[in-house]
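Note sheet for the following structure.
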Amino acid sequence: MTRADPITSLQNPQLKRLVRLHARRGREQEGVILIEGARELSRALAAGVLPIEVFSCPELHSPEAAEVAPLLPTALSLLSPAAFEKVSGRENPDGLLAVAPRPDVALPDLAGDAVVVVLDGLEKPGNVGAILRTADASGAAAVLVLGRGADPYGPNVIRASQGSVFALPVVALDEDEAHGYLAAQGCVTVACTPDAPHVYWDAPLTGRLALLLGTEHGGLPAHWRQAGNGGGLSGDGLSVRIPMTVGSAADSLNVATAAALVLFECARQRRDGAGR
(Lines give C-alpha, C1' and ligand atoms only; values in the text may rest on other atoms or scores of the structure.)
Protein backbone atom coordinates (compact mmCIF):
# COMPACT_ATOMS: atom_id res chain seq x y z
CA MET A 1 0.00 0.00 0.00
CA THR A 2 1.35 3.42 -0.99
CA ARG A 3 0.20 6.82 0.15
CA ALA A 4 -0.33 9.15 -2.80
CA ASP A 5 1.13 12.62 -3.33
CA PRO A 6 4.87 12.35 -2.70
CA ILE A 7 6.52 14.80 -0.35
CA THR A 8 8.57 17.24 -2.38
CA SER A 9 9.13 20.23 -0.09
CA LEU A 10 12.44 20.12 1.73
CA GLN A 11 10.80 22.12 4.54
CA ASN A 12 8.19 19.43 5.20
CA PRO A 13 7.85 18.71 8.98
CA GLN A 14 8.14 14.94 8.38
CA LEU A 15 11.48 15.44 6.65
CA LYS A 16 12.74 17.65 9.45
CA ARG A 17 11.77 14.98 11.98
CA LEU A 18 13.59 12.27 10.02
CA VAL A 19 16.71 14.43 9.96
CA ARG A 20 16.46 14.82 13.75
CA LEU A 21 16.20 11.04 14.13
CA HIS A 22 19.69 10.66 12.68
CA ALA A 23 20.90 12.11 15.99
CA ARG A 24 21.01 9.74 18.96
CA ARG A 25 19.15 12.19 21.19
CA GLY A 26 16.26 12.39 18.75
CA ARG A 27 15.94 8.60 18.55
CA GLU A 28 16.14 8.19 22.31
CA GLN A 29 13.45 10.82 22.87
CA GLU A 30 11.04 8.87 20.66
CA GLY A 31 12.26 5.36 21.48
CA VAL A 32 12.77 4.53 17.81
CA ILE A 33 15.48 3.55 15.36
CA LEU A 34 16.10 4.36 11.70
CA ILE A 35 16.61 1.49 9.26
CA GLU A 36 17.76 2.42 5.79
CA GLY A 37 18.29 0.04 2.90
CA ALA A 38 16.56 -3.01 1.49
CA ARG A 39 18.97 -5.57 2.94
CA GLU A 40 18.84 -4.08 6.42
CA LEU A 41 15.04 -3.87 6.31
CA SER A 42 14.78 -7.48 5.16
CA ARG A 43 16.90 -8.67 8.09
CA ALA A 44 14.95 -6.52 10.53
CA LEU A 45 11.68 -8.04 9.28
CA ALA A 46 13.13 -11.56 9.58
CA ALA A 47 13.97 -10.81 13.22
CA GLY A 48 10.46 -9.57 13.96
CA VAL A 49 11.30 -5.85 13.99
CA LEU A 50 8.25 -4.24 12.37
CA PRO A 51 8.47 -0.68 10.99
CA ILE A 52 5.86 1.81 12.06
CA GLU A 53 6.64 4.20 9.19
CA VAL A 54 8.26 3.57 5.81
CA PHE A 55 9.43 6.21 3.35
CA SER A 56 10.04 5.27 -0.26
CA CYS A 57 11.41 6.85 -3.41
CA PRO A 58 10.74 4.50 -6.35
CA GLU A 59 13.01 6.55 -8.62
CA LEU A 60 15.95 5.58 -6.41
CA HIS A 61 15.01 1.93 -5.88
CA SER A 62 17.65 -0.70 -6.49
CA PRO A 63 16.36 -4.06 -7.79
CA GLU A 64 16.50 -5.39 -4.22
CA ALA A 65 14.55 -2.39 -2.88
CA ALA A 66 11.90 -2.85 -5.57
CA GLU A 67 11.42 -6.44 -4.35
CA VAL A 68 11.36 -5.57 -0.65
CA ALA A 69 9.04 -2.53 -0.80
CA PRO A 70 5.80 -4.49 -1.46
CA LEU A 71 6.60 -6.83 1.45
CA LEU A 72 6.74 -4.09 4.09
CA PRO A 73 3.82 -4.33 6.52
CA THR A 74 2.94 -0.62 6.61
CA ALA A 75 1.90 2.00 4.12
CA LEU A 76 4.70 3.64 2.16
CA SER A 77 5.00 7.43 2.22
CA LEU A 78 6.43 8.59 -1.08
CA LEU A 79 9.29 11.06 -1.26
CA SER A 80 10.74 12.83 -4.26
CA PRO A 81 14.41 12.05 -5.01
CA ALA A 82 15.52 15.39 -3.52
CA ALA A 83 13.40 14.84 -0.41
CA PHE A 84 14.73 11.32 0.09
CA GLU A 85 18.33 12.41 -0.33
CA LYS A 86 17.75 15.04 2.38
CA VAL A 87 16.76 12.40 4.96
CA SER A 88 19.10 9.64 3.79
CA GLY A 89 22.37 8.89 5.55
CA ARG A 90 23.97 7.43 2.42
CA GLU A 91 25.71 8.73 -0.67
CA ASN A 92 23.81 6.41 -3.00
CA PRO A 93 20.53 5.56 -1.26
CA ASP A 94 18.31 2.78 -2.55
CA GLY A 95 15.09 4.61 -1.76
CA LEU A 96 13.88 2.82 1.40
CA LEU A 97 13.95 4.26 4.92
CA ALA A 98 11.92 3.06 7.91
CA VAL A 99 11.22 4.13 11.46
CA ALA A 100 10.79 1.23 13.89
CA PRO A 101 10.49 0.81 17.67
CA ARG A 102 13.85 0.33 19.36
CA PRO A 103 14.25 -3.43 19.93
CA ASP A 104 13.86 -4.54 23.53
CA VAL A 105 16.36 -7.39 23.60
CA ALA A 106 16.74 -9.65 26.62
CA LEU A 107 20.04 -11.13 27.77
CA PRO A 108 20.04 -14.74 26.61
CA ASP A 109 20.50 -17.83 28.74
CA LEU A 110 23.63 -19.35 27.28
CA ALA A 111 23.97 -22.97 26.26
CA GLY A 112 27.07 -25.04 25.56
CA ASP A 113 30.31 -23.43 24.43
CA ALA A 114 28.83 -20.01 23.79
CA VAL A 115 30.90 -16.90 23.00
CA VAL A 116 29.71 -13.49 24.18
CA VAL A 117 31.40 -10.37 22.80
CA VAL A 118 31.78 -7.43 25.19
CA LEU A 119 32.47 -4.00 23.66
CA ASP A 120 33.55 -1.37 26.18
CA GLY A 121 33.25 2.24 25.05
CA LEU A 122 33.74 1.75 21.29
CA GLU A 123 32.88 5.03 19.60
CA LYS A 124 33.11 4.43 15.85
CA PRO A 125 29.87 3.09 14.35
CA GLY A 126 31.78 1.40 11.54
CA ASN A 127 33.83 -0.66 13.99
CA VAL A 128 30.81 -1.63 16.09
CA GLY A 129 28.83 -2.61 12.99
CA ALA A 130 31.69 -4.64 11.55
CA ILE A 131 32.10 -6.50 14.86
CA LEU A 132 28.38 -7.27 14.95
CA ARG A 133 28.59 -8.67 11.44
CA THR A 134 31.58 -10.82 12.38
CA ALA A 135 29.93 -11.96 15.63
CA ASP A 136 26.93 -13.12 13.61
CA ALA A 137 29.08 -14.85 10.98
CA SER A 138 31.28 -16.63 13.54
CA GLY A 139 28.37 -17.91 15.63
CA ALA A 140 28.66 -15.70 18.72
CA ALA A 141 25.73 -15.97 21.13
CA ALA A 142 25.37 -12.28 22.00
CA VAL A 143 27.07 -8.88 21.99
CA LEU A 144 27.09 -6.63 25.06
CA VAL A 145 27.68 -2.92 24.43
CA LEU A 146 28.93 -0.93 27.41
CA GLY A 147 29.32 2.79 27.95
CA ARG A 148 28.15 5.78 25.92
CA GLY A 149 30.03 4.91 22.78
CA ALA A 150 28.35 4.21 19.48
CA ASP A 151 24.63 3.46 19.67
CA PRO A 152 24.37 -0.23 18.69
CA TYR A 153 21.06 0.54 16.96
CA GLY A 154 22.20 3.77 15.32
CA PRO A 155 21.68 3.96 11.54
CA ASN A 156 25.42 3.86 10.78
CA VAL A 157 25.92 0.78 12.97
CA ILE A 158 22.94 -0.93 11.34
CA ARG A 159 24.42 -0.14 7.93
CA ALA A 160 27.94 -1.33 8.85
CA SER A 161 26.52 -4.54 10.28
CA GLN A 162 24.55 -5.16 7.07
CA GLY A 163 21.55 -5.85 9.32
CA SER A 164 23.37 -8.45 11.46
CA VAL A 165 22.49 -6.33 14.52
CA PHE A 166 19.02 -7.87 14.20
CA ALA A 167 20.28 -11.44 13.84
CA LEU A 168 21.66 -11.98 17.36
CA PRO A 169 21.03 -10.49 20.81
CA VAL A 170 22.71 -7.07 21.03
CA VAL A 171 22.20 -5.49 24.44
CA ALA A 172 23.36 -2.14 25.82
CA LEU A 173 23.97 -2.24 29.57
CA ASP A 174 26.25 -0.93 32.28
CA GLU A 175 29.42 -2.55 33.61
CA ASP A 176 27.89 -3.90 36.81
CA GLU A 177 25.08 -5.56 34.86
CA ALA A 178 27.61 -7.05 32.45
CA HIS A 179 29.79 -8.41 35.26
CA GLY A 180 26.77 -9.95 36.97
CA TYR A 181 25.44 -11.52 33.79
CA LEU A 182 28.76 -13.03 32.69
CA ALA A 183 29.42 -14.43 36.16
CA ALA A 184 25.94 -15.93 36.40
CA GLN A 185 26.35 -17.53 32.98
CA GLY A 186 29.72 -19.07 33.91
CA CYS A 187 31.76 -17.23 31.28
CA VAL A 188 35.54 -17.31 31.32
CA THR A 189 36.74 -13.84 30.34
CA VAL A 190 39.22 -13.36 27.50
CA ALA A 191 40.71 -9.86 27.50
CA CYS A 192 42.22 -8.72 24.19
CA THR A 193 45.16 -6.46 25.04
CA PRO A 194 48.55 -5.88 23.37
CA ASP A 195 50.57 -6.65 26.52
CA ALA A 196 48.93 -10.03 27.15
CA PRO A 197 51.16 -13.05 27.83
CA HIS A 198 49.36 -15.39 25.41
CA VAL A 199 49.21 -15.24 21.63
CA TYR A 200 45.55 -15.71 20.76
CA TRP A 201 46.03 -18.86 18.66
CA ASP A 202 47.95 -20.55 21.50
CA ALA A 203 45.29 -19.82 24.13
CA PRO A 204 42.50 -22.28 24.97
CA LEU A 205 39.45 -20.58 23.47
CA THR A 206 36.91 -23.34 23.92
CA GLY A 207 34.25 -23.45 26.61
CA ARG A 208 31.92 -20.61 27.50
CA LEU A 209 33.78 -17.36 26.89
CA ALA A 210 33.32 -13.61 27.10
CA LEU A 211 35.61 -11.86 24.62
CA LEU A 212 36.50 -8.38 25.95
CA LEU A 213 37.37 -5.58 23.53
CA GLY A 214 38.15 -1.94 24.36
CA THR A 215 38.88 1.19 22.39
CA GLU A 216 41.93 1.39 20.15
CA HIS A 217 43.35 4.46 21.90
CA GLY A 218 42.58 3.51 25.49
CA GLY A 219 42.26 -0.27 25.47
CA LEU A 220 40.32 -2.10 28.13
CA PRO A 221 39.64 -0.48 31.52
CA ALA A 222 41.58 -1.87 34.46
CA HIS A 223 38.69 -3.87 35.87
CA TRP A 224 38.26 -5.78 32.60
CA ARG A 225 42.00 -6.40 32.34
CA GLN A 226 41.85 -7.79 35.88
CA ALA A 227 38.95 -10.04 34.85
CA GLY A 228 41.10 -11.27 31.99
CA ASN A 229 43.64 -12.38 34.59
CA GLY A 230 41.13 -14.39 36.60
CA GLY A 231 40.04 -11.53 38.81
CA GLY A 232 36.43 -11.86 39.82
CA LEU A 233 34.39 -13.66 37.17
CA SER A 234 33.62 -17.34 36.89
CA GLY A 235 36.55 -19.49 35.79
CA ASP A 236 40.15 -18.56 35.12
CA GLY A 237 40.35 -15.46 32.96
CA LEU A 238 42.76 -15.14 30.06
CA SER A 239 44.51 -12.26 28.34
CA VAL A 240 45.45 -12.66 24.69
CA ARG A 241 47.32 -10.60 22.13
CA ILE A 242 47.72 -10.56 18.38
CA PRO A 243 51.44 -10.66 17.54
CA MET A 244 52.91 -8.04 15.23
CA THR A 245 55.75 -8.66 12.81
CA VAL A 246 59.06 -7.48 14.24
CA GLY A 247 60.03 -4.22 12.59
CA SER A 248 56.50 -3.42 11.47
CA ALA A 249 55.39 0.21 11.80
CA ALA A 250 52.00 -1.02 13.05
CA ASP A 251 51.73 -1.26 16.83
CA SER A 252 48.06 -2.22 16.90
CA LEU A 253 45.21 -3.42 14.71
CA ASN A 254 41.81 -1.96 14.05
CA VAL A 255 39.52 -3.30 16.78
CA ALA A 256 37.12 -4.84 14.26
CA THR A 257 40.01 -6.69 12.62
CA ALA A 258 41.23 -7.91 16.01
CA ALA A 259 37.74 -9.11 16.90
CA ALA A 260 37.47 -11.04 13.63
CA LEU A 261 40.77 -12.83 14.18
CA VAL A 262 39.95 -13.93 17.71
CA LEU A 263 36.31 -14.81 17.02
CA PHE A 264 37.19 -17.07 14.12
CA GLU A 265 39.97 -18.66 16.16
CA CYS A 266 37.29 -19.47 18.75
CA ALA A 267 35.19 -21.00 15.96
CA ARG A 268 38.19 -22.98 14.62
CA GLN A 269 39.03 -24.43 18.01
CA ARG A 270 35.42 -25.47 18.52
CA ARG A 271 35.32 -27.10 15.10
CA ASP A 272 38.56 -28.96 15.65
CA GLY A 273 37.48 -30.05 19.12
CA ALA A 274 34.16 -31.35 17.80
CA GLY A 275 35.96 -33.30 15.09
CA ARG A 276 38.21 -35.21 17.45
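Just so you know, residue 1 is the first one in the sequence shown, and it goes up from there. Given the structure is predicted, the values throughout are model-derived calculations rather than measurements.
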Donor-acceptor pairs are to be reported for all side-chain atoms of residues 59-73 against protein atoms at under 3.5 Å, with residues two or more places apart or in another chain.
from: H61; atom 1: NE2; to: S56; atom 2: OG; distance (Å): 2.9
from: H61; atom 1: NE2; to: G95; atom 2: O; distance (Å): 3.3
from: S62; atom 1: OG; to: A65; atom 2: N; distance (Å): 3.1

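- Using a 4.5 Å cut-off on side-chain heavy atoms (C-beta onward), I158 and L34 make no contact.
- A donor atom on one side chain and an acceptor atom on the other are not found under 3.5 Å apart for E53 and S77.
- Once rounded to the nearest 0.5 Å, the distance linking CZ of F55 with OG of S88 reads 13.0 Å.
- With contacts defined as side-chain heavy-atom distances shorter than 4.5 Å, the pair V170/Y153 qualifies.
- Salt-bridge check for R17 with E30: passed, with a basic side-chain N closer than 4.0 Å to an acidic carboxylate O.
- Using a 4.5 Å cut-off on side-chain heavy atoms (C-beta onward), V117 and T134 make no contact.
- Remark: Q29 engages R25 in a side chain to side chain contact (heavy atoms under 4.5 Å, CB included) (not counting sequence neighbours).
- Sequence neighbours left out, not one pair with a member in residues 128-146 passes salt bridge (charged side-chain N to carboxylate O under 4.0 Å, His left out).
- Residues satisfying the side chain to side chain contact (heavy atoms under 4.5 Å, CB included) test with S80, not counting sequence neighbours, are T8, A82, A83.
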Distance-only check: which donor-acceptor pairs under 3.5 Å involve side-chain atoms of residues 139-148, not counting sequence neighbours?
from: R148; atom 1: NH1; to: E28; atom 2: OE2; distance (Å): 3.0

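- Atoms CD1 and CG, from I7 and N12 in turn, are 4.0 Å apart once rounded to the nearest 0.5 Å.
- Hydrophobic clustering of Ile, Leu, Val, Met, Phe, Trp and Tyr side chains at less than 4.5 Å, counting indirect connections, keeps F264 apart from V255.
- E265 meets the salt bridge (Lys or Arg N to Asp or Glu O under 4.0 Å) test with R268; sequence neighbours excluded.
- Under the side chain to side chain contact (heavy atoms under 4.5 Å, CB included) criterion, V19 pairs with K86, V87, not counting sequence neighbours.
- To the nearest 0.5 Å, the span separating CG on L263 from CD1 on I131 amounts to 8.5 Å.
- Proximity of M244 to L253: side-chain heavy atoms (C-beta onward) are separated by under 4.5 Å at one or more points.
- Between R241 and P194, every side-chain heavy-atom pair lies at or beyond the 4.5 Å cut-off.
- Every residue two or more places apart in sequence or in another chain that forms a salt bridge (Lys or Arg N to Asp or Glu O under 4.0 Å) with E40 is listed here: R90.
- Side-chain atoms of C192 and Y200, non-hydrogen and from C-beta on, never get closer than 4.5 Å to each other.
- Under the rule for a side chain to side chain contact (heavy atoms under 4.5 Å, CB included), the partners of D174 that lie at least two apart in sequence or sit in another chain are D176, E177.
- At a threshold of 4.5 Å between side-chain heavy atoms, the hydrophobic network of Ile, Leu, Val, Met, Phe, Trp and Tyr places L50 and L41 in one connected group.
- Note that CG of L238 is 7.0 Å distant from CG of L205, once rounded to the nearest 0.5 Å.
- Distance check: D109 CG to L107 CG gives 9.0 Å after rounding to the nearest 0.5 Å.
- A search for side chain to side chain donor-acceptor pair (under 3.5 Å) contacts involving R27 returns D151, not counting sequence neighbours.
- For the atom pair CD1 of I242 and OG1 of T257, the computed distance is 8.5 Å after rounding to the nearest 0.5 Å.
- Within the 4.5 Å cutoff, side-chain heavy atoms of L45 are placed close to those of P51.
- Residues satisfying the side chain to side chain donor-acceptor pair (under 3.5 Å) criterion with D94, sequence neighbours excluded, are absent altogether.
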